[in-house]
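Quick note: residue numbers are just sequence positions, from 1.
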Amino acid sequence: MGMTKPDHDVIVIGGGQAGLAVAYYLRRANADFVILDAGEAPGGAWQNTWDSLRLFSPAGYSSLPGWQMTASKSHGYPTRNEVIDYLTRYEARYEFPIRRPCKVTGVERSGEYLGIRLETGEMLTSRAVISATGTWSKPFIPDYPGSQDFKGEMLHSAFYRGPERFKDRHVIIVGGGNSGAQILAEISEVANAVWVTPTPPAFLPDDVDGRILFERATARVKGEADTAGEQSLGSIVMVQPVKDARERGVLNAVRPFEQFVADGVVWKDGTKSAVDAVIWCTGFRPATDHLRQLGIVDETGRVALDDQQAIAEPRLWMAGYGNWAGAASATLIGAGRTARDMVPRMLSALAIPSKYGG
C-alpha cells in the first residue's frame with residue numbers, strides 16, 4: 001500500500017543560478033516541482049556581491065540554458081547588476097514556480113519521501129530534493145594566531161560593498177583569487193592596501209578571459225587535464241580594474257603574516273605593521289546546514305556524491321557548489337551544463353515518466 005501523494009515530485013532548494021538552470025530542464029520535462037528560495041528578490045548570491053563586481057567571461061559565455069544574456073554595455077564583461085537583471089527576467093520568462101522568501105530549516109526522511117521543513121513550521125514532501133543553496137551564506141575565514149586580540153575591523157569579501165569607508169586607512173586584503181585582485185584594485189585607489197596571498201598570484205594573459213578557466217575545470221573533472229601548476233578556477237582574469245592596478249604598480253602580493261596583535265600584524269621576519277582593517281577573500285564552504293540531520297554532511301560541509309546524487313541518500317541531488325558537484329557548477333555556464341546532465345538522470349531514477357523532447 002503506497003503512501004499519500006507527496007506535495008511535489010521534486011523540490012528545489014535555492015533560486016539562484018543553479019536552481020534556475022535545474023528548473024529550466026525540469027519544466028521542459030513537464031515535471032511537478034517547486035523552487036523554495038530564501039532570498040527577498042531574484043538573483044541568488046549576486047544580490048550580495050559588491051557593487052563593482054565584474055564577471056570574467058563575456059555575456060554569451062555567462063548564460064543559463066535557453067536564453068542568452070545580452071552583451072554588456074560595459075567592456076563586454078557583465079556587471080553584478082546586469083547579472084541580477086538577467087536572472088530576474090530569466091525566471092519570469094519561464095514562469096517557474098518559486099516561493100520567496102521561503103527559508104528551509106531542514107530536510108528529513110519521511111517514509112518513502114523526503115520532508116522539507118520551512119522556517120514557518122510548514123512541512124512539504126517530495127520524491128526528490130535538489131539542493132542548490134550554493135556557498136555564499138557560508139563565508140570561510142582561516143584561523144590566524146592572535147586574531148582574537150586584533151582590535152581593527154575584519155570583513156569577509158561576502159560582506160564587502162565598496163572602497164569608500166576604507167579611505168586613508170591601512171588595509172590588508174587576504175586571498176589570491178579573482179575577488180582578492182578585484183577588491184585590492186579598487187581599495188588601493190583610496191587606502192594604503194597590502195595584498196597577502198599564500199603563494200604568488202597566478203595571472204592569466206591579458207587576452208585570455210574566464211572561458212579558459214571553465215574549459216580547464218571541465219577537462220579536469222573529466223580527468224583529461226594536467227593539473228600540475230594549475231589553480232582551480234583561481235587564476236586571475238585581467239579585467240580592466242585589475243589591469244589599471246597593474247599600471248599603478250600596486251598589483252604586488254606578499255606572503256602571509258605570522259600573527260595578529262591588537263593594532264596590526266607581525267610578519268615572518270618580526271617586523272610589525274599597523275593595520276586598521278582586514279578583508280578576507282578566502283572563499284566559502286557549502287551552505288548545507290539544512291542537510292545535517294540526514295547525517296550525510298562532512299565537516300567541510302560537503303556530501304559524498306556520485307554524479308550529483310548523494311550516495312547515502314539517493315533521493316537527494318546537489319547542484320551548483322563548485323567542481324565537487326559538477327564541473328564548474330558554481331559558474332553561470334557550468335550550472336546549465338550540470339543541470340542538463342543531472343535532470344534526466346534524476347527523473348529516470350525516480351521512475352517519473354519524463355516527457356522530454358525539445
Quick one: do [X] and [Y] end up in the same hydrophobic cluster if we chain Ile, Leu, Val, Met, Phe, Trp and Tyr together by side-chain heavy atoms under 4.5 Å apart?
| X | Y | value |
| --- | --- | --- |
| Ile279 | Phe260 | no |
| Leu350 | Ile35 | yes |
| Leu316 | Leu124 | yes |
| Val190 | Trp195 | no |
| Trp136 | Met154 | no |

Any sub-3.5 Å donor-acceptor pair from [X]'s side-chain atoms to [Y]'s backbone N or O?
| X | Y | result |
| --- | --- | --- |
| His290 | Ile13 | no |
| Arg345 | Asp307 | yes |
| Arg169 | Asn192 | no |
| Asp306 | Gln309 | no |

Stepwise salt bridge (charged side-chain N to carboxylate O under 4.0 Å, His left out) test for Arg127 and Asp7: CA-CA 9 Å; Arg127 294 179 205 277; Asp7 293 305; over 6 Å; no
Ser235 side chain near Leu204 side chain, heavy-atom distance below 4.5 Å: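 Heavy-atom side-chain distance check passes, below 4.5 Å.
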Within-4.5 Å side-chain heavy-atom neighbours: Leu118 and Cys102: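 In contact.
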Residues Leu87, Leu20; criterion side chain to side chain contact (heavy atoms under 4.5 Å, CB included); working and verdict: CA-CA 8 Å; Leu87 294 175; Leu20 296 183; 4.1 Å; yes
Using 0.5 Å steps for rounding, measure from the [atom1] atom of [X] to the [atom2] atom of [Y].
| X | Y | atom1 | atom2 | answer |
| --- | --- | --- | --- | --- |
| Tyr113 | Ile11 | OH | CD1 | 12.0 Å |
| Lys151 | Asp149 | NZ | CG | 6.0 Å |
| Met318 | Gln308 | CE | CD | 10.0 Å |

Check [Y] with [X], please: is the shortest side-chain N to carboxylate O separation under 4.0 Å?
| X | Y | answer |
| --- | --- | --- |
| Asp244 | Arg248 | no |
| Arg99 | Glu122 | yes |
| Glu189 | Lys167 | no |
| Arg100 | Glu40 | no |
| Arg315 | Glu112 | no |
| Glu313 | Arg109 | yes |

For the student: nearest non-hydrogen atoms of Val261 and Val265, plus distance: CG2-N, 4.1 Å
Residue pair Gly19 / Ala132: nearest heavy atoms and the distance that separates them: N-CB, 3.8 Å
Can you tell me if [X] and [Y] form a side-chain donor-acceptor pair at under 3.5 Å?
| X | Y | answer |
| --- | --- | --- |
| Glu186 | Tyr160 | yes |
| Tyr321 | Thr288 | no |
| His170 | Asp276 | no |
| Thr79 | Asn81 | no |
| Thr135 | Arg285 | no |

Ring-ring centroid check His156 Phe140, cutoff 6.0 Å: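 No, they do not, as the ring centres are separated by 6.0 Å or more.
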Distance flag, aromatic centroids of Tyr144 and Trp280, threshold under 6.0 Å: yes
Aromatic plane relationship, Phe257 with Trp267 - under 30° parallel, 30 to 60° tilted, over 60° perpendicular: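 Geometry flag for Phe257 against Trp267: perpendicular rings.
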Trace of the side chain to side chain contact (heavy atoms under 4.5 Å, CB included) decision for Val237 with Phe203: CA-CA 6 Å; Val237 179; Phe203 300 101; over 6 Å; no
Side chain to side chain contact (heavy atoms under 4.5 Å, CB included) between Glu91 and Phe96, worked out: CA-CA 6 Å; Glu91 65 176 48; Phe96 296 138; 4.1 Å; yes
Working for side chain to side chain contact (heavy atoms under 4.5 Å, CB included), residues Leu155 and Val278: CA-CA 6 Å; Leu155 186 72; Val278 179; over 6 Å; no
